[in-house]
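Step one of this worksheet: look at the structure below.
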Amino acid sequence: MIRIKKLVIVLKMNDKHNHINSGKRFEDESLNKIWEMSAEAEESDPVNESEVESALKNVKERAGINEESKPAFFISENLWLKSRYMIAAVALIVLGLYVFYFPKTIAVPYGEIATVELPDGSTAELNSGSTLSYNRFFLGSERNLSLNGEAYFKVTSSEKPFIVEANKSVTRVAGTEFNIRSWSTDPDRETVVTVADGKVLFYPIDQSENQIELLKGMYSRWNFEMAEPSSPEPVNITELAGWRQNRLIFRDQKLAVIFNELERRFDIRIDLEAPEVASETLTAFYTDPRNPADILNDIAMVKNLKYSETANGFRIFK
Amino acid sequence: MSKKENEQIQIYAEHIRESNHQYFDKLFYLLYPKLVRFAMRYTKQKAAANDIVQETFVMLWENRTNIEPDKSLKSYMFKTVRNRSINWLQSKANQFEVLDEPVQSPHNVADTGVSEDENSTADLFKKWINELPERQKEAFELSRFDGLNHQEIASVMDISEKTVNNHIVSALQILRDNYDSHQKISNRTENE
């Protein structure tokens, strides 16, 4: 496999949001040392596996959770046989109601991309680590979905509006193609909607009066700190849904966001031990990256950082 | 606890809210040992800690429909266990006489005060951590051993993130001073 790597790397320093508590680094080096040493004083787990099992059994009894519903009293053979059918019938009805009313959730593992066919024939392509929930049959007057992550939707036309909720934002369409990126784990919990075809309405939840209309080739973004979504701007479609072709595209993206993306894409863990750089931004493009180390190498170079491999990923430090 | 684990817990939370008890099991396996250990820091008794954490899980299931998907379930569980543990301590203090079961906490080696030869770094640190002012000790242990971030600790202890940070830094400074003076003493004895 040929890897066409790295076109340009442009960087922009952004030191505004330096206050991040994620790393365990203290300015005073002697405190870091004490922090490391004190790890040894960790108490061991007080309960063993069988204690956990019996505790769980106890809790479930008290909470009334029972997996196999056992008959609580003795019933004669014949009656018992009949009542078994009754129980089965009741169970079927309950199951049926469950299937009808409870949303279906699809969670894509890290390192994988999945395409889901929705009940109305629309499709959703889900990026690694994304979660999508929807009502099994799209009952009611709307097709409601909720998303945490990134997805590319191809929506079949219908009278019923197709509505995606993501981190308090709402995207409402009739029939079109569009991409939503909305990670609750990213620092701003920002939602970015890009339209590939057709027309989309985008607004903060419960504020449809602040809606903006997005047409083909435009994008808008909104986060909790914005009163309304940004005005539509033109976008290169292949860029914003580039993840579908395995591309990685970061435009003025915060390092924290980039590392989150790499963790999901490659199913690795990245420990940023220099939290002060988390909000610095970077622009970089990769067409078909196979090895996260290559990307980290580039980032480390332009940001003056070091990195080393760990059991399940990488650690990044100054 | 890692970031991934936190995301995991939030996913569990959503399923538990929808009454899926399999995810309740998963959450239980993940958090029960950690929460019992946490409760024991207050109660010093394993049986009481077990009861408190189990009650907390029962209550979680009974109130599952009220789980707020945007809030950290982990913080909520730690906070509830902390409140219940403190209540338990207070009610215990109000009783006339309580037959203490023998304490089997692994860290109580340090809080006996009368210490035999405490040579290992682990034992020394255990002792010093136990001598920290109460709030500093709580914040420090939640951060160091339970892996909660500052925001989560702030919500568990009902204080600001800034105070959390101050507590942890002060705790580390005290530990450092203890360590430094210990080093001096042991160097001196070696030189004699």
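In the text below, chain A, chain B and the rest are named by the order of the sequence lines, each starting its count at 1. All of these numbers come straight from a predicted model, not from anything done at the bench.
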Applying side-chain contact (heavy atoms from CB on, under 4.5 Å) to A:Val59 and B:Phe24, what does each step give before you reach the verdict? CA-CA 11 Å; A:Val59 164; B:Phe24 181 78; 3.8 Å; yes
At their closest point, which heavy atom of B:Ser143 faces which heavy atom of A:Trp35, and how far apart are they? OG-CH2, 3.2 Å
Calculate, to the nearest 0.5 Å, the distance between atoms CH2 and CZ belonging to B:Trp61 and A:Arg62 respectively. 15.5 Å
Go through the structure and list residues passing side-chain hydrogen bond (donor to acceptor under 3.5 Å, both in side chains) with B:Asn63, not counting sequence neighbours. none
State whether the number of non-hydrogen atoms from other residues, nucleotides or ligands found under 6.0 Å of B:Gln183 atom CD is greater than 12. yes
Stepwise side-chain contact (heavy atoms from CB on, under 4.5 Å) test for A:Glu40 and B:Phe125: CA-CA 8 Å; A:Glu40 287 195 40; B:Phe125 271 92; over 6 Å; no
Mind listing the closest non-hydrogen atom pair of B:Arg37 and A:Ser44 along with its distance? CD-O, 3.7 Å
Approximate separation, where rounding is to 0.5 Å, of A:Ile34 CD1 and B:Trp128 CH2: 7.5 Å
Options A:Thr105, A:Leu56, A:Asn58, A:Val52, ranked by heavy-atom pairs under 4.5 Å with chain B, top entry: A:Leu56
Carefully, step by step, assess A:Lys33 and B:Tyr179 under the rule side-chain contact (heavy atoms from CB on, under 4.5 Å). CA-CA 11 Å; A:Lys33 186 181 155 203; B:Tyr179 180 72; 3.9 Å; yes
Testing the basics here: between A:Val47 and B:Pro33, what is the closest heavy-atom pair and its distance to 0.1 Å? CG2-CA, 3.6 Å
N/O donor-acceptor pair under 3.5 Å between B:Arg144 side chain and A:Ser38 backbone: no
Answer yes or no: is there a side-chain heavy-atom contact under 4.5 Å between A:Asn148 and B:Gln10? no
Which one, A:Ser133, A:Ser30, A:Ala39, A:Ser184, leads in non-hydrogen pairs under 4.5 Å with chain B? A:Ala39
Who among B:Glu14, B:Glu55, B:Glu62 has the most heavy-atom pairs with chain A under 4.5 Å? B:Glu55
Return the minimal non-hydrogen interatomic distance between A:Pro46 and B:Val36, and the atom names on each side. CG-CG1, 3.7 Å
Other residues, nucleotides, ligands: >12 heavy atoms within 6.0 Å of B:Gln22 CD: no
Nearest 0.5 angstrom please: A:Leu31 CG to B:Ile168 CD1, how far? 11.5 Å
Could you measure the distance from the CD atom of A:Glu42 to the CD atom of B:Glu141? Nearest 0.5 Å is fine. 10.0 Å
Turns out that what part of A:Asp271 lies under 4.5 Å from chain B's heavy atoms comes down to neither
Do B:Tyr29 and A:Glu49 get their side chains close enough for a donor-acceptor pair, meaning under 3.5 Å? no
Output all residues satisfying salt bridge (charged side-chain N to carboxylate O under 4.0 Å, His left out) with A:Arg221, sequence neighbours left out; order by chain, then residue number. A:Glu190
In this structure, CG of B:Asn6 is separated from OG1 of A:Thr185 (nearest 0.5 Å) by 11.0 Å
Can you establish whether the number of heavy atoms outside A:Lys168 located under 6.0 Å from its atom NZ is more than 12? no
Show the nearest heavy-atom pair for residues A:Glu43 and B:Phe145, with the distance to one decimal. OE2-CD1, 4.3 Å
Does the pair B:Glu7/A:Arg264 count as a salt bridge with the N-to-O cut at 4.0 Å? no
